[in-house]
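Sequence lines set the chain letters: A, B, ... in the order given, protein chains first and strands last, and positions in each chain run from 1. None of these values were measured; they are calculated from a predicted model.
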There are 2 protein chains.
Amino acid sequence: MEVTASNFKSVLPEVEAAIKKCTFMSIDCEMTGLNTVHNINVYDTPKQYYEKVRKSCKEFLVIQYGLSMFRYDKDTNLFKHQTYNFYIFRRPMNRNIPDQRFLCQTSSIQFLISQGFDFNKLFKEGISYLNQTEQDNYKNNLEDIYKRRTDQIQSQKNGTNDSIPIPDDAKSFMDEVEKQIEVFLENEESELRLPKCNAFYRRLVYQMKTEKFQDKISLETRQLENKDRILFVTRLKSKEEEKELAKQKFEEQLSELEDFVGFTKVLKMIVDSGKLIVGHNLCLDFLHTIDKFLIPLPEEYEEFKDMAHSLFPKILDTKYMSSSEPFKDLINSNILKHLLDTVCEKPFKIPSIEAENGCQSYSVNDEKEHEAGFDAFVTGLSFISMWKYLAPSEGKDEDIFGDFSLLEPYLNRIFLMVLTDNQYINLGGDDLMPSRDHVFYLTFPREWKANNITQLFSPFGNIYISWLDDSSAYISLYKKDQAAIALSTLSQSDTYSIMTFARRQAILAGIRTPLPSPIMSKKRKSSDGPPPSSKKRRTDSFNSSSGSFTKSKRSIDPIEEEQAECEDSGSSQKHLKMFDENDTWE
Amino acid sequence: MEVTASNFKSVLPEVEAAIKKCTFMSIDCEMTGLNTVHNINVYDTPKQYYEKVRKSCKEFLVIQYGLSMFRYDKDTNLFKHQTYNFYIFRRPMNRNIPDQRFLCQTSSIQFLISQGFDFNKLFKEGISYLNQTEQDNYKNNLEDIYKRRTDQIQSQKNGTNDSIPIPDDAKSFMDEVEKQIEVFLENEESELRLPKCNAFYRRLVYQMKTEKFQDKISLETRQLENKDRILFVTRLKSKEEEKELAKQKFEEQLSELEDFVGFTKVLKMIVDSGKLIVGHNLCLDFLHTIDKFLIPLPEEYEEFKDMAHSLFPKILDTKYMSSSEPFKDLINSNILKHLLDTVCEKPFKIPSIEAENGCQSYSVNDEKEHEAGFDAFVTGLSFISMWKYLAPSEGKDEDIFGDFSLLEPYLNRIFLMVLTDNQYINLGGDDLMPSRDHVFYLTFPREWKANNITQLFSPFGNIYISWLDDSSAYISLYKKDQAAIALSTLSQSDTYSIMTFARRQAILAGIRTPLPSPIMSKKRKSSDGPPPSSKKRRTDSFNSSSGSFTKSKRSIDPIEEEQAECEDSGSSQKHLKMFDENDTWE
């Protein structure tokens, strides 16, 4: 079901009910840009990864939010589902809340428009939102304003302790205003609307009131629909009347705030439910969700992990799940669409589903790819099918879908695209520290090309180069057993410097930080080659390889014409990836 | 007439013809944001102003361009007009041109949507553009690629001087590919499309070709509509065939470039015409026009002036014209809409106009405010009426509209909003240096409020405070004759520092820069009050006054409830202005 500002309030109760009774929820976001993949290195740590994605969250907006509720119904042995597709956009509210600036990435905009995204609807009818910090600031702000106002009334303060001479070319205007007020005072009108004028003129009018109409009139500035700020004159009110008016205004502003909170209410319901949240390639969506609708993302990675885990005790990333045992060998591509196709066929068996009575949702065959609601729905379906696969074949659905312990190995692990070793953010505990003993951090003269590096390491077999910049890179050995000898042989030089990956990380973390004890990754056998080799990690290999292709002046053995095309400004690097992003972020 | 990518090519010739025969052109732009006014100080110099507006040009996009051609027709004594409203948006072109990021200002987006702007049309059908620098880079880039490609063919280089071992889980894929190629070689098919795979896999395939099919096949990577990069196999081509193919590809890419140049062609026609360009509040539009469609704006202000003047020898800003003699006393508000209303009535007499035969244009009564085309049209009308007003009453239209000398006092002067003294950028020569002898640069402790400053200067009468930040401001005296005594009296202190405006500018410009010799402004009598006083400069006074209102914790004598509302985070400052921007930038 499509939800905009126009039907949000009326839909909210049914959303709340659905959250309360569902077995789990799946989510998906569409944003104005991604802008992360290209600056991520295959050997980044989860912490480094977080810091980069966080930056992108601060720049771009979430403009569509898909939320799909799945409820396993014992009686019918069906999964009932209902899905909502929210348009999210915060218009400028009033002068007390900063006008938002946001970044757009042309490729993302074009991608969305090519998928039929309606930007006019977004900008016209998007639902507002405020994270907790914004709400608090705004509320305190309104309370201060209210307090100051009542103090002003109490103290009869009229705010004029110094009068400004009326500039020559303001005189005619001020005379006109004075006349109007005098006429007003003589007749029966309840209020007088003064001509539109700027803040300086309004200030002069307030000054005139003090000097000439002190005990006769009250002034009030009202902001009209069209944002004009207009002065209204009424006969002098008693302190009590003034206070009553101030109170009313304050209450109006508070209820206005309620409307601004908008979509944030849905997120609060989700958090309160404490239920399982499923997403596909969840990282960016998850970080945006927290930053935009709950609490601004902290700079500290560990602080983020604690906060995120306490907000969402149970999350599951189907991209992580599908690229882990036992699924990695059954699922060739875990692009969302491919994943769905796969889990609809043997050996998988997708349970029967049905839209909740009287609720709109999607069907598998809708051609709505990349509509947030549809992607959330499909993510949920894929998850159900994998969940069922984990249970013993004779298991009954009603037992399976009550048994979250089956999901234990995948819970609270956020897939990290591009990274090697099937790395993930582990919200449930410490992150993996896969062995990087065969990886070195090398610095060298800017003039060096890939060939220089290949030459340097030639005695130790093939290498994979992951460029950091013009004069540094991570080098990984195909023959891992050569690591020790390579290091000792190469460590003496004035032209370049080499150190172990672990040492480099310690330096980046600052000496005081102790080295994390390496835990071997359960996900990859040491026989595996370097990152570019995993079939299940398209984007991974893609980005790794482009890591050398895009700097192909230096690349070891370029693809003839592709190399040619890549040999332009650094832009190509972004581009190589840009074009994959849309599906890498699927 | 509305112009999008779908009709741009067919419309271009008639646009060119119209430019050739018109008397003058008027322009207007719509952008994704403005974001300038609030950081401009009323005492900024044109140079400082330029540097701030330039920054905004780099962040935001022009998304609609209005161009209106006016031709005075002797025979009918009519102004014939035709107007075009171009939607401007550059989609990502290909991997050789960087994917554009751009900033949006929510208030601008909402403003445009409230005016009926169609963002879907923009993103779907916007016309592309490339400034000269972008064109050159792109072209050189294509030539390099072409040259490298032909060299590769000539040298029979296959780019493999080092082979990578095939990773375990790539083997099955590589075997499959090898089979397909062998089958292909045995049958009659002209080409073979290999399965989609990532760059690393493609690289392995190229390697396989070298090792196993060297003298049998050619490989080519083609990018499909959906951006997939797919490998195609054909039987080995001769060098000549290969070269011919490379040449064809190069030529295709060159014509592709032609399409990308898009709207830039219109700007080149305008520049080539050397004709008079009219705009209302031209500054931002003019800078965007140069930066986006011609040459990136230089950092150096003087460099900009030379470049802009040589590109556009004759420009006229109706906002400057209408706020100068003899119009300033006839025109109460020079918001575009108000200006038009005024110049349609006595003492003005708007000449008769008529759309060029068979051409679409607007009529005065169209309710299309803020559609770039309509605003350009209205700007042209207002200009014609003011032009006529300048001529002796008995003057004949055919003499008047052939006589550009009447416009001399207004030519090449770009109105600078917010600034005091009717300041302008003078493309025709040196900028004004109005006397600022009554203005001081004051630095003081952060704790200081307006009252401290007012106290400090109280012996010398009223002052106007224009805040720079928490601990510095420009202070201008109402009583200009007090300047000398004030300076000498106040110059000794440890808590604050004071210096003349001139001295401050010299310091900012760096000691080596000599002080510009003050030229008295012809626009304002020294009897005039400080900036906030000019009725004709709404935005000027507005921003000046808000200069103290927005920091009203310190403001001298606040407006009761407005002050209350203003006393929040710095955001209010932006907002006070934000809401005026839409019309201040009209």
Novice: Examine whether an atom of A/Phe89 lies under 4.5 Å from a heavy atom of chain B, and if so say whether it belongs to the side chain, the backbone or both; otherwise answer neither.
Specialist: side chain
Novice: CZ of A/Phe119 to CG of B/Asp118: how many Å apart, nearest 0.5 Å?
Specialist: 12.0 Å
Novice: CG/B/Leu103 to CD/A/Glu59 distance, rounded to the nearest 0.5 angstrom?
Specialist: 9.5 Å
Novice: Please identify which of these residues, A/Gln100, A/Arg90, A/Arg101, meets the side chain to side chain contact (heavy atoms under 4.5 Å, CB included) condition with B/Thr106.
Specialist: A/Gln100
Novice: Inspect the surroundings of NZ in B/Lys171 and state if more than 12 heavy atoms from other residues, nucleotides or ligands are less than 6.0 Å away.
Specialist: yes
Novice: Checking A/Ser107 side chain against B/Pro92 main chain: does a donor-acceptor pair fall under 3.5 Å?
Specialist: no
Novice: So which part of B/Ile109 gets closer than 4.5 Å to some heavy atom of chain A, the side chain, the backbone, both or neither?
Specialist: side chain
